[in-house]
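Scope of the values below: all heavy atoms of this structure, side chains included, with no hydrogens, waters or symmetry mates. Please read all numbers here as calculations on a predicted model, not as lab measurements. Residue numbers start at 1 and run along the sequence shown.
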Amino acid sequence: MRKLIIVCLCCLWAAPGNAALIKTVCTLGYVYTSCNAGYNLVSTRCEMCAVGKYKSTSGAAACSDCPTGGTTTAVGSTAITQCYKPKYETTFTDTTGNGVTGMAQDCFYSA
């Protein structure tokens, strides 16, 4: 949600020997009070959730971190299912009891 705001400033200038000059300067802009899913409210604006974070609902809440060791492929993720644990080297025991080193596959989290 965003709110329209108008900010006006009045300035007074006086040069020696001249009458004072008053000038009003107004600015028109929007202030956000909540953001869509995938966006984080930062001060008065919405920014996409950073890589490794997600936000599944609209509102003023901050983006959530992916579970430990997890990340996302892009900014603006909207669900925990977009978080994954990247491939990594691991050692496991095969059926004969020998240690085998291999690569674990990308593992996506479920809701």
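Asp65 contributes atom CG, which lies 8.5 Å from atom OG1 of Thr68 (distance to the nearest 0.5 angstrom). Put simply, OG on Ser77 and NZ on Lys53 are 11.5 Å apart, with the number rounded to the nearest 0.5 Å. In this structure, the separation between CG on Leu41 and OG1 on Thr33 is 7.5 Å, given to the nearest 0.5 Å.
When the side chains of ILVMFWY residues are joined at heavy-atom separations under 4.5 Å, either directly or via intervening members, Met48 and Val42 end up in two distinct hydrophobic clusters.
The minimum heavy-atom distance between Ser34 and Ala60, with the atom names listed, is CB-N, 4.0 Å. Here the closest non-hydrogen pair linking Ser58 and Ala37 is OG-N, 3.8 Å.
Here the side chain of Thr72 pairs a donor or acceptor atom with the backbone of Gly52 at under 3.5 angstrom. Side chain of Lys55 to backbone of Tyr39: a donor-acceptor contact under 3.5 angstrom is found.
The closest side-chain heavy-atom distance from Ser56 to Thr78 is not below 4.5 Å. Looking at heavy atoms from C-beta onward, Cys49 lies out of side-chain contact with Tyr54 at the 4.5 angstrom threshold.
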